[in-house]
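So the structure is just underneath, and the comments pick up after that.
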Amino acid sequence: MQPINEMNLEFISKSNNESFARIVAAAFVSQLDPTVEELADVKTAVSEAVTNAIIHGYENTTGIVKMNCKLYKDSVEITITDKGKGIENVELARQPLYTSRPDMERSGMGFTVMESFMDKVEVFSEVGKGTTVVLYKTFKSLRK
Amino acid sequence: MQIKFSNRGTTLIASIIGELDHHSAEYIRQKIDNEMIKSTNKNVIFDLSKLSFMDSSGIGVIMGRYKNIQRLNGKMAIVNTNAQIDRILEMASIKKIIPVYEKLDTAIGALQQSVR
(Lines give C-alpha, C1' and ligand atoms only; values in the text may rest on other atoms or scores of the structure.)
Protein backbone atom coordinates (compact mmCIF):
# COMPACT_ATOMS: atom_id res chain seq x y z
CA MET A 1 0.00 0.00 0.00
CA GLN A 2 1.34 3.42 -1.01
CA PRO A 3 1.26 6.11 1.68
CA ILE A 4 -0.65 9.28 0.82
CA ASN A 5 2.04 11.35 2.53
CA GLU A 6 5.42 10.76 4.12
CA MET A 7 8.04 12.72 6.05
CA ASN A 8 11.47 12.21 7.60
CA LEU A 9 12.98 13.98 10.59
CA GLU A 10 16.48 13.73 12.04
CA PHE A 11 17.64 15.25 15.29
CA ILE A 12 20.41 14.75 17.81
CA SER A 13 19.75 12.80 20.97
CA LYS A 14 19.05 15.74 23.28
CA SER A 15 16.18 15.40 25.72
CA ASN A 16 14.76 18.78 24.56
CA ASN A 17 13.97 17.01 21.29
CA GLU A 18 11.49 14.62 22.96
CA SER A 19 8.77 17.28 22.89
CA PHE A 20 9.94 18.50 19.46
CA ALA A 21 9.57 14.99 17.96
CA ARG A 22 6.13 14.27 19.42
CA ILE A 23 4.79 17.69 18.38
CA VAL A 24 6.10 17.22 14.82
CA ALA A 25 4.54 13.74 14.64
CA ALA A 26 1.20 15.05 15.93
CA ALA A 27 1.27 18.02 13.52
CA PHE A 28 1.93 15.72 10.56
CA VAL A 29 -0.71 13.18 11.60
CA SER A 30 -3.28 15.95 12.16
CA GLN A 31 -3.57 16.21 8.34
CA LEU A 32 -5.78 13.14 8.56
CA ASP A 33 -8.00 14.95 11.06
CA PRO A 34 -8.21 12.29 13.79
CA THR A 35 -9.74 13.08 17.20
CA VAL A 36 -7.83 14.99 19.89
CA GLU A 37 -7.62 11.73 21.89
CA GLU A 38 -6.16 9.82 18.95
CA LEU A 39 -3.55 12.56 18.45
CA ALA A 40 -2.67 12.39 22.16
CA ASP A 41 -2.16 8.61 21.77
CA VAL A 42 0.33 9.19 18.93
CA LYS A 43 2.15 11.92 20.89
CA THR A 44 2.50 9.67 23.92
CA ALA A 45 3.81 6.65 21.98
CA VAL A 46 6.32 8.79 20.03
CA SER A 47 7.50 10.38 23.27
CA GLU A 48 8.19 6.94 24.78
CA ALA A 49 10.06 5.66 21.71
CA VAL A 50 12.20 8.80 21.35
CA THR A 51 12.97 8.84 25.10
CA ASN A 52 14.13 5.22 24.86
CA ALA A 53 16.42 6.08 21.93
CA ILE A 54 17.95 8.97 23.87
CA ILE A 55 18.43 7.43 27.32
CA HIS A 56 18.89 3.74 26.48
CA GLY A 57 20.08 3.73 22.84
CA TYR A 58 22.61 6.53 23.20
CA GLU A 59 22.79 6.54 27.02
CA ASN A 60 22.88 10.34 26.97
CA THR A 61 25.78 10.51 24.51
CA THR A 62 25.25 12.33 21.21
CA GLY A 63 23.82 10.41 18.29
CA ILE A 64 21.21 10.83 15.60
CA VAL A 65 17.58 9.79 16.12
CA LYS A 66 15.52 9.37 12.95
CA MET A 67 11.77 9.44 12.64
CA ASN A 68 9.82 8.47 9.55
CA CYS A 69 6.04 8.98 9.36
CA LYS A 70 3.82 7.47 6.70
CA LEU A 71 0.21 8.50 6.42
CA TYR A 72 -2.44 6.28 4.89
CA LYS A 73 -6.13 6.99 4.37
CA ASP A 74 -7.07 6.29 7.98
CA SER A 75 -3.85 5.12 9.62
CA VAL A 76 -0.27 6.03 10.44
CA GLU A 77 3.04 4.17 10.59
CA ILE A 78 5.86 5.82 12.54
CA THR A 79 9.40 4.43 12.56
CA ILE A 80 11.92 5.64 15.14
CA THR A 81 15.52 4.55 14.67
CA ASP A 82 18.72 4.99 16.62
CA LYS A 83 22.24 3.69 15.93
CA GLY A 84 22.94 3.27 19.64
CA LYS A 85 23.86 0.28 21.78
CA GLY A 86 20.86 -1.89 20.93
CA ILE A 87 18.73 -4.12 23.17
CA GLU A 88 20.13 -7.50 24.21
CA ASN A 89 16.76 -9.09 25.01
CA VAL A 90 13.84 -7.36 23.30
CA GLU A 91 11.25 -9.66 24.88
CA LEU A 92 12.50 -8.80 28.37
CA ALA A 93 12.68 -5.07 27.56
CA ARG A 94 9.03 -5.13 26.51
CA GLN A 95 7.89 -6.57 29.85
CA PRO A 96 5.93 -4.13 32.01
CA LEU A 97 8.02 -2.65 34.85
CA TYR A 98 11.32 -3.92 33.38
CA THR A 99 13.99 -1.24 33.32
CA SER A 100 17.67 -1.60 32.49
CA ARG A 101 18.30 1.56 34.53
CA PRO A 102 16.80 1.14 38.03
CA ASP A 103 19.19 3.91 39.14
CA MET A 104 17.31 6.44 37.03
CA GLU A 105 13.89 6.26 38.71
CA ARG A 106 12.39 5.03 35.45
CA SER A 107 9.07 3.23 35.57
CA GLY A 108 9.82 0.53 33.00
CA MET A 109 6.47 1.22 31.37
CA GLY A 110 7.67 2.70 28.07
CA PHE A 111 6.88 -0.24 25.77
CA THR A 112 3.67 -1.02 27.68
CA VAL A 113 2.48 2.55 27.09
CA MET A 114 3.40 2.33 23.37
CA GLU A 115 1.52 -0.98 23.02
CA SER A 116 -1.52 0.34 24.81
CA PHE A 117 -1.77 3.66 22.92
CA MET A 118 -1.06 2.18 19.47
CA ASP A 119 -2.48 -0.88 17.66
CA LYS A 120 0.83 -2.62 17.03
CA VAL A 121 4.47 -2.06 18.03
CA GLU A 122 7.39 -3.79 16.32
CA VAL A 123 10.92 -3.70 17.72
CA PHE A 124 14.05 -4.61 15.76
CA SER A 125 17.33 -4.41 17.61
CA GLU A 126 20.91 -5.56 17.32
CA VAL A 127 23.48 -5.11 20.08
CA GLY A 128 26.05 -2.52 19.04
CA LYS A 129 24.08 -1.52 15.95
CA GLY A 130 20.93 0.14 17.24
CA THR A 131 17.18 -0.16 17.58
CA THR A 132 14.19 0.47 15.32
CA VAL A 133 10.68 0.81 16.74
CA VAL A 134 7.69 0.82 14.39
CA LEU A 135 4.37 2.16 15.72
CA TYR A 136 1.12 1.44 13.88
CA LYS A 137 -2.28 3.00 14.50
CA THR A 138 -5.56 3.03 12.63
CA PHE A 139 -7.82 5.96 13.52
CA LYS A 140 -11.21 4.46 14.25
CA SER A 141 -12.83 7.89 14.00
CA LEU A 142 -11.85 7.94 10.29
CA ARG A 143 -13.18 4.46 9.52
CA LYS A 144 -16.40 4.86 7.62
CA MET B 1 7.20 23.52 32.27
CA GLN B 2 6.53 25.17 35.55
CA ILE B 3 5.85 24.06 39.09
CA LYS B 4 4.06 26.09 41.74
CA PHE B 5 3.80 25.33 45.43
CA SER B 6 1.17 26.33 47.94
CA ASN B 7 0.13 25.18 51.39
CA ARG B 8 -3.33 24.39 52.64
CA GLY B 9 -3.50 23.32 56.28
CA THR B 10 -1.08 20.45 56.71
CA THR B 11 -0.82 19.76 52.99
CA LEU B 12 1.76 20.86 50.42
CA ILE B 13 0.26 21.30 46.96
CA ALA B 14 2.58 20.92 43.96
CA SER B 15 0.91 22.16 40.77
CA ILE B 16 2.71 21.02 37.65
CA ILE B 17 1.98 23.15 34.60
CA GLY B 18 2.88 22.20 31.01
CA GLU B 19 4.27 18.86 29.85
CA LEU B 20 5.94 16.19 31.99
CA ASP B 21 8.37 13.99 30.06
CA HIS B 22 11.89 12.67 30.61
CA HIS B 23 13.34 16.10 29.76
CA SER B 24 11.33 17.99 32.38
CA ALA B 25 11.27 15.14 34.95
CA GLU B 26 14.63 15.96 36.51
CA TYR B 27 13.68 19.60 37.09
CA ILE B 28 10.32 18.66 38.64
CA ARG B 29 11.94 16.01 40.82
CA GLN B 30 14.52 18.44 42.23
CA LYS B 31 11.97 21.20 42.82
CA ILE B 32 9.60 18.92 44.73
CA ASP B 33 12.35 17.28 46.78
CA ASN B 34 13.77 20.69 47.75
CA GLU B 35 10.35 21.96 48.71
CA MET B 36 9.65 18.85 50.79
CA ILE B 37 12.89 19.30 52.70
CA LYS B 38 11.93 22.91 53.51
CA SER B 39 8.29 22.14 54.26
CA THR B 40 6.96 21.00 57.60
CA ASN B 41 4.01 19.37 55.85
CA LYS B 42 4.04 15.63 55.49
CA ASN B 43 1.14 15.35 53.05
CA VAL B 44 1.53 16.20 49.39
CA ILE B 45 -0.98 16.70 46.58
CA PHE B 46 0.20 16.49 42.98
CA ASP B 47 -2.11 18.85 41.13
CA LEU B 48 -1.98 17.76 37.47
CA SER B 49 -5.05 19.71 36.38
CA LYS B 50 -2.86 22.13 34.38
CA LEU B 51 -0.63 19.40 32.97
CA SER B 52 -1.34 18.97 29.26
CA PHE B 53 0.88 15.94 28.62
CA MET B 54 2.56 13.18 30.61
CA ASP B 55 4.38 10.03 29.50
CA SER B 56 5.82 7.16 31.55
CA SER B 57 8.60 9.42 32.84
CA GLY B 58 5.89 11.01 35.00
CA ILE B 59 5.19 7.64 36.62
CA GLY B 60 8.82 7.50 37.77
CA VAL B 61 8.55 10.99 39.26
CA ILE B 62 5.26 10.23 41.06
CA MET B 63 6.38 6.83 42.41
CA GLY B 64 9.73 8.21 43.56
CA ARG B 65 8.01 11.00 45.52
CA TYR B 66 5.41 8.57 46.88
CA LYS B 67 8.18 6.42 48.38
CA ASN B 68 9.75 9.47 50.04
CA ILE B 69 6.42 10.67 51.43
CA GLN B 70 5.59 7.21 52.77
CA ARG B 71 8.94 7.02 54.50
CA LEU B 72 7.98 10.22 56.36
CA ASN B 73 4.56 8.76 57.22
CA GLY B 74 2.84 11.27 54.96
CA LYS B 75 -0.07 10.81 52.62
CA MET B 76 -0.32 11.60 48.94
CA ALA B 77 -3.11 12.37 46.51
CA ILE B 78 -3.32 13.32 42.84
CA VAL B 79 -5.66 15.79 41.16
CA ASN B 80 -6.18 15.05 37.49
CA THR B 81 -8.75 15.78 34.81
CA ASN B 82 -6.85 14.78 31.65
CA ALA B 83 -7.97 11.50 29.97
CA GLN B 84 -4.54 10.73 28.49
CA ILE B 85 -2.84 11.15 31.87
CA ASP B 86 -5.58 9.10 33.53
CA ARG B 87 -4.84 6.17 31.20
CA ILE B 88 -1.15 6.30 32.11
CA LEU B 89 -1.94 6.40 35.85
CA GLU B 90 -4.31 3.47 35.38
CA MET B 91 -1.80 1.46 33.33
CA ALA B 92 0.92 1.83 35.96
CA SER B 93 -1.57 0.83 38.71
CA ILE B 94 -0.86 4.14 40.46
CA LYS B 95 -4.57 4.57 41.09
CA LYS B 96 -4.54 1.46 43.28
CA ILE B 97 -2.12 3.04 45.76
CA ILE B 98 -2.61 6.80 45.39
CA PRO B 99 -6.14 8.27 45.35
CA VAL B 100 -6.93 10.42 42.30
CA TYR B 101 -9.51 13.22 42.51
CA GLU B 102 -10.98 15.57 39.94
CA LYS B 103 -11.08 18.58 42.26
CA LEU B 104 -8.34 20.03 44.44
CA ASP B 105 -10.74 20.78 47.30
CA THR B 106 -11.92 17.16 47.41
CA ALA B 107 -8.30 15.97 47.55
CA ILE B 108 -7.45 18.41 50.36
CA GLY B 109 -10.55 17.35 52.29
CA ALA B 110 -9.75 13.66 51.91
CA LEU B 111 -6.14 14.05 53.08
CA GLN B 112 -7.09 16.15 56.09
CA GLN B 113 -9.82 13.71 57.04
CA SER B 114 -7.35 10.84 57.02
CA VAL B 115 -4.94 12.74 59.28
CA ARG B 116 -7.46 13.31 62.05
Side-chain angles (χ1 to χ4, degrees), chain A residues 11-23 25-26 34-60 65 93-118 135, chain B residues 1-2 14 16-34 36 44 46 48-71 76 78 80-98:
Chain A
F11 49 90
I12 64 165
S13 54
K14 277 181 93 79
S15 64
N16 316 46
N17 288 332
E18 291 155 7
S19 64
F20 171 65
R22 67 178 178 257
I23 289 165
T35 64
V36 175
E37 289 75 22
E38 287 168 332
L39 269 184
D41 291 352
V42 171
K43 264 176 94 172
T44 311
V46 167
S47 194
E48 299 293 350
V50 170
T51 302
N52 275 353
I54 293 171
I55 62 179
H56 299 299
Y58 293 117
E59 290 189 305
N60 296 316
V65 182
R94 291 181 75 145
Q95 293 292 317
L97 305 176
Y98 173 80
T99 175
S100 58
R101 301 291 303 273
D103 53 309
M104 280 183 73
E105 208 175 71
R106 304 289 310 160
S107 66
M109 293 296 286
F111 278 120
T112 309
V113 169
M114 283 182 242
E115 283 162 4
S116 153
F117 282 62
M118 302 300 273
L135 308 165
Chain B
M1 168 54 58
Q2 220 188 331
I16 309 174
I17 301 148
E19 304 203 326
L20 177 48
D21 61 6
H22 157 250
H23 177 69
S24 55
E26 189 51 40
Y27 172 78
I28 295 296
R29 193 175 284 146
Q30 277 178 9
K31 283 275 181 187
I32 296 179
D33 288 353
N34 284 343
M36 280 182 62
V44 179
F46 270 63
L48 309 182
S49 58
K50 292 194 176 70
L51 193 63
S52 55
F53 176 87
M54 186 181 97
D55 65 15
S56 73
S57 305
I59 299 169
V61 174
I62 293 172
M63 287 312 295
R65 308 292 77 62
Y66 175 71
K67 283 180 196 157
N68 294 345
I69 292 161
Q70 260 206 325
R71 216 173 289 142
M76 187 172 160
I78 295 172
N80 175 49
T81 46
N82 180 309
Q84 180 254 351
I85 295 170
D86 192 69
R87 266 178 79 188
I88 300 222
L89 296 175
E90 187 91 56
M91 211 176 293
S93 298
I94 283 186
K95 293 171 85 175
K96 284 186 188 150
I97 50 171
I98 306 169

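Residue numbers start from 1 in every chain, and the chains themselves are labelled A, B, ... in the order their sequence lines are given, proteins ahead of strands.
A salt bridge does not link B:Arg87 to B:Glu90: none of the charged side-chain nitrogens sits closer than 4.0 Å to a carboxylate oxygen.
Contact tally against chain B (heavy-atom pairs below 4.5 Å) for A:Ile54, A:Ile55, A:Asn17, A:Leu97: the top residue is A:Ile55. Chain B forms more heavy-atom pairs under 4.5 Å with one residue of A:Thr112, A:Thr51, A:Asn16 than with any other, namely A:Asn16. Ranked by heavy-atom pairs under 4.5 Å with chain A, the first of B:Ser52, B:Gly64, B:Gly58 is B:Gly64. For the options A:Ala40, A:Gly108, A:Pro96, A:Ser47, heavy-atom pairs under 4.5 Å to chain B are most numerous at A:Ser47.
With a threshold of 4.5 angstrom between heavy atoms, A:Thr44 approaches chain B through its backbone and through its side chain. In this structure, chain B has no heavy atom under 4.5 Å from any part of A:Lys14. At a 4.5 Å heavy-atom cutoff, B:Met63 makes no contact with chain A through either its backbone or its side chain.
Defined by atom type and a distance below 3.5 Å, a donor-acceptor pair is missing between the side-chain atoms of B:Glu19 and B:Ser24. Side-chain contact, A:Glu38 with A:Thr35: a donor N or O sits under 3.5 Å from an acceptor N or O. A donor-acceptor contact closer than 3.5 angstrom is absent between the side chains of B:His22 and B:Ser57. Side-chain contact check for A:Thr99 and A:Arg106: no donor-acceptor pair (N or O, by modelled atom type) lies under 3.5 Å.
With values rounded to the nearest 0.5 angstrom, B:Ile69 atom CD1 is found 4.5 Å from B:Met36 atom CE.
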